[in-house]
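Read through the structure below, which is laid out as structure tokens, and then see the notes.
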Amino acid sequence: MEERAQRRPCGSPRERAGRVLMSVNNKRVVYSNYLANPIYIDILKARPDVRLDRIENESPEDFYAPILSAAHVYQVGAARDELAPHFHVDAAFLKRTPNLLLVSSNGAGFDPVDVEACTEAGVVVVNQSGGNAHSVAEHALAMMLTLSKRIIQSDRRLRRERDVNRNELVGNEVEHKTVGIIGLGNVGRRIAALCKGLLGMKVLAYDPYLSAEVMAERGGEKVELDELLRRSDFVSISCPLNKGSRNMISVREFALMQPHAYFITTARGFIHDEDALLQALRDKRIAGAGLDVWSKEPPPPEHPLLQFDNVLASPHTAGVTIEARQNMGRIAAEQVLETLDGKRPPRIINPEVWPHYAERFKQAFGVTPG
């Protein structure tokens with residue numbers, strides 16, 4: 001009898017089934033436009049307590065308004081220009097999503113998200129940092145090699161001229177040169193490893209958030225920004241866009257670079273000043289540039305920076321590989337489920353929100369997140 005009494009709280013099969021039915025679809029996740037990979041859907045749909053809804057830029061308000069109003073999680077695209085303005089996460093959007101607890105960016109960036117507004121509303125913001133780091137690092141290295149060996153100029157000359165003189169296309173080896181990496185996080189440390197390990201390059205690094213000891217462990221010598229710009233044969237940007245990094249590289253900074261140096265960015269538009277870069281190229285203050293990110297994405301064909309043969313361009317595709325997208329979709333889904341299960345997500349952008357968020361999570365699901 002005593003043993004039965006201990007088991008009784010579990011209830012009869014009918015009672016247990018009733019409780020399961022009550023929990024089905026009680027956690028609402030909505031995503032906008034597209035996902036990094038369908039694996040995100042597969043992982044979330046395996047959970048009976050999660051309902052997944054999709055909205056698109058063209059969705060009418062009478063369709064998306066009730067979905068957003070009920071949503072606990074918003075999976076949002078990382079590219080600002082691919083998302084309709086009314087689906088950007090700002091103060092107005094947050095007023096239409098009173099139950100929202102988590103905003104999850106598809107990528108490492110989170111340009112369409114007003115983090116301060118989310119913090120004030122008690123909404124956690126997460127990204128998928130590290131998920132595409134190797135792909136981005138490979139892209140940065142490819143740009144360095146292509147520019148230094150003048151492969152892009154050679155390709156263009158061959159396509160429009162006959163009897164190209166190869167002696168006019170003499171390049172440089174990358175081996176043993178100096179690369180200056182701005183931001184030694186997930187991407188920057190991989191660029192450092194590739195440059196140092198494959199090519200024996202010297203790695204200088206600027207990152208005000210890391211100590212010299214940590215940066216040394218990640219393969220870089222800690223220096224100030226001005227010193228990095230003066231000494232580097234290649235300057236590679238891999239830091240996030242925030243108030244401190246916006247227009248970090250402008251007229252003054254390009255003037256500090258060596259005339260034979262190349263500027264590479266696979267980070268975010270607006271970290272460098274495009275007009276300042278344009279002038280530096282026109283004045284031949286630097287040797288060229290590799291640009292994966294832009295103030296307007298994708299840039300129009302008539303963009304002045306695209307008119308230079310010593311500019312290598314891509315439309316924010318550094319992290320767009322089959323492997324990276326699958327990895328990003330998987331870690332995004334896993335992080336969402338961890339959060340909905342009451343755990344602390346590993347990639348929080350605004351950790352200061354946690355006390356406010358914890359209160360709101362308890363109100364929504366009856367438990368305090370850990």
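Since this is a predicted model, take the numbers as computed values, not measurements. In this chain, numbering begins with 1 at the start of the sequence shown.
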Examine distances only and state if a side-chain atom of [X] and a backbone atom of [Y] form a donor-acceptor pair shorter than 3.5 Å.
{"X": "Q335", "Y": "V126", "answer": "no"}
{"X": "D233", "Y": "T178", "answer": "yes"}
{"X": "D53", "Y": "V30", "answer": "no"}
{"X": "S211", "Y": "V214", "answer": "yes"}
{"X": "R157", "Y": "V164", "answer": "no"}
{"X": "S238", "Y": "G183", "answer": "yes"}
{"X": "S245", "Y": "M248", "answer": "no"}
{"X": "H72", "Y": "R28", "answer": "yes"}
{"X": "R47", "Y": "L337", "answer": "no"}
{"X": "Y31", "Y": "I41", "answer": "no"}

- ring pair (Phe, Tyr, Trp, His ring centres under 6.0 Å) partners for F110, two or more places apart: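 By the ring pair (Phe, Tyr, Trp, His ring centres under 6.0 Å) rule, F110 matches no residue at all.
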
- With sequence neighbours left out, the residues meeting ring pair (Phe, Tyr, Trp, His ring centres under 6.0 Å) with Y206 are none

Work out which heavy atom in [X] is nearest to a heavy atom in [Y]; give both atom names and the distance.
{"X": "C118", "Y": "V89", "answer": "SG-CG1, 3.6 Å"}
{"X": "S32", "Y": "G77", "answer": "OG-N, 3.7 Å"}
{"X": "N99", "Y": "S69", "answer": "ND2-O, 2.8 Å"}
{"X": "H272", "Y": "T265", "answer": "CE1-CG2, 3.8 Å"}
{"X": "A313", "Y": "L306", "answer": "CB-CD2, 3.4 Å"}
{"X": "A289", "Y": "Y262", "answer": "N-CD2, 4.3 Å"}

Does [X] share a hydrophobic cluster with [Y], counting links as ILVMFWY side-chain heavy atoms below 4.5 Å and allowing steps through other members?
{"X": "M144", "Y": "V311", "answer": "no"}
{"X": "L102", "Y": "L35", "answer": "yes"}
{"X": "I249", "Y": "I264", "answer": "no"}
{"X": "L145", "Y": "I181", "answer": "yes"}

- Query: Can a cation-pi geometry be assigned to K27 and F365, taking NZ or CZ under 6.0 Å from the six-membered ring centre and within 45° of the ring axis?
  - Reply: yes

Can you find a pair of side-chain heavy atoms, one from [X] and one from [Y], that are under 4.5 Å apart?
{"X": "T339", "Y": "V73", "answer": "no"}
{"X": "C195", "Y": "L141", "answer": "yes"}
{"X": "N132", "Y": "T321", "answer": "no"}
{"X": "F308", "Y": "L278", "answer": "yes"}
{"X": "L101", "Y": "V124", "answer": "no"}
{"X": "P351", "Y": "R344", "answer": "yes"}
{"X": "V113", "Y": "S105", "answer": "no"}
{"X": "L291", "Y": "E274", "answer": "no"}

Tell me, please, which residues at least two apart from [X] pass side-chain contact (heavy atoms from CB on, under 4.5 Å).
{"X": "N165", "result": "N167, E168"}
{"X": "Q326", "result": "N37, I39"}
{"X": "D81", "result": "K296, E297"}
{"X": "A121", "result": "L94, V123"}

- Item | Gap between atom CG of N33 and atom CZ of R54 - 0.5 Å precision |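 One finds 7.0 Å between CZ of R54 and CG of N33.
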
Is it true that, when you exclude [X] itself, more than 12 heavy atoms of the residues, nucleotides or ligands shown sit nearer than 6.0 Å to its [atom1]?
{"X": "E116", "atom1": "CD", "value": "no"}
{"X": "R166", "atom1": "CZ", "value": "no"}
{"X": "E302", "atom1": "CD", "value": "yes"}
{"X": "Q307", "atom1": "CD", "value": "yes"}

- Task: Mind running side-chain contact (heavy atoms from CB on, under 4.5 Å) on H316 and R268 for me, showing each step along the way?
- Result: CA-CA 9 Å; H316 206 154; R268 279 292 183 274; 3.2 Å; yes

- Message: Looking at K343 and D341, is there a salt bridge between them, counting it only when a charged N and a carboxylate O are closer than 4.0 Å?
- Response: no

In residues 186-194, what donor-acceptor pairs under 3.5 Å come from side-chain atoms, sequence neighbours left out?
residue : atom : partner : partner atom : Å
R190    : NH1  : N186    : O            : 2.9

- Taking it one step at a time, do L241 and V293 satisfy side-chain contact (heavy atoms from CB on, under 4.5 Å)? CA-CA 11 Å; L241 173 65; V293 292; over 6 Å; no

- Task: List the steps, then state whether side-chain contact (heavy atoms from CB on, under 4.5 Å) holds for V76 with F87.
- Result: CA-CA 8 Å; V76 64; F87 289 146; over 6 Å; no

Side-chain donor-acceptor contact under 3.5 Å, [X] with [Y]:
{"X": "N106", "Y": "Q75", "result": "yes"}
{"X": "E323", "Y": "N327", "result": "no"}
{"X": "D292", "Y": "S314", "result": "yes"}
{"X": "E61", "Y": "H86", "result": "no"}

- Item | All salt bridge (charged side-chain N to carboxylate O under 4.0 Å, His left out) counterparts of D275, not counting sequence neighbours | none

- Task: State which residues pass salt bridge (charged side-chain N to carboxylate O under 4.0 Å, His left out) with E120; sequence neighbours excluded, sorted by chain then number.
- Result: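 In terms of salt bridge (charged side-chain N to carboxylate O under 4.0 Å, His left out), with neighbours along the sequence ignored, E120 is linked to no residue.
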
- Query: Which residue pairs satisfy the side chain to side chain donor-acceptor pair (under 3.5 Å) criterion with at least one member in residues 355-368, sequence neighbours excluded?
  - Reply: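 Pairs touching residues 355-368 that pass the test: none.
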
Which atom pairs, donor and acceptor, lie under 3.5 Å between side-chain atoms of residues 250-259 and protein residues at least two apart or in another chain?
residue : atom : partner : partner atom : Å
S250    : OG   : D273    : OD2          : 3.3
R252    : NH1  : D226    : OD1          : 3.2
R252    : NH2  : D226    : OD1          : 3.3
R252    : NH2  : D226    : OD2          : 2.3
E253    : OE1  : S250    : N            : 2.9
Q258    : NE2  : R230    : O            : 3.3
Q258    : NE2  : R231    : O            : 3.3
Q258    : NE2  : S232    : O            : 3.2

- Query: Linking Ile, Leu, Val, Met, Phe, Trp and Tyr by side-chain heavy atoms under 4.5 Å, what else ends up with Y209?
  - Reply: none

- Task: Apply the test side-chain contact (heavy atoms from CB on, under 4.5 Å) to residues H260 and K177: give CA-CA distance (whole Å), side-chain angles for both, the deciding distance (0.1 Å), then the verdict.
- Result: CA-CA 12 Å; H260 69 267; K177 297 297 194 300; over 6 Å; no

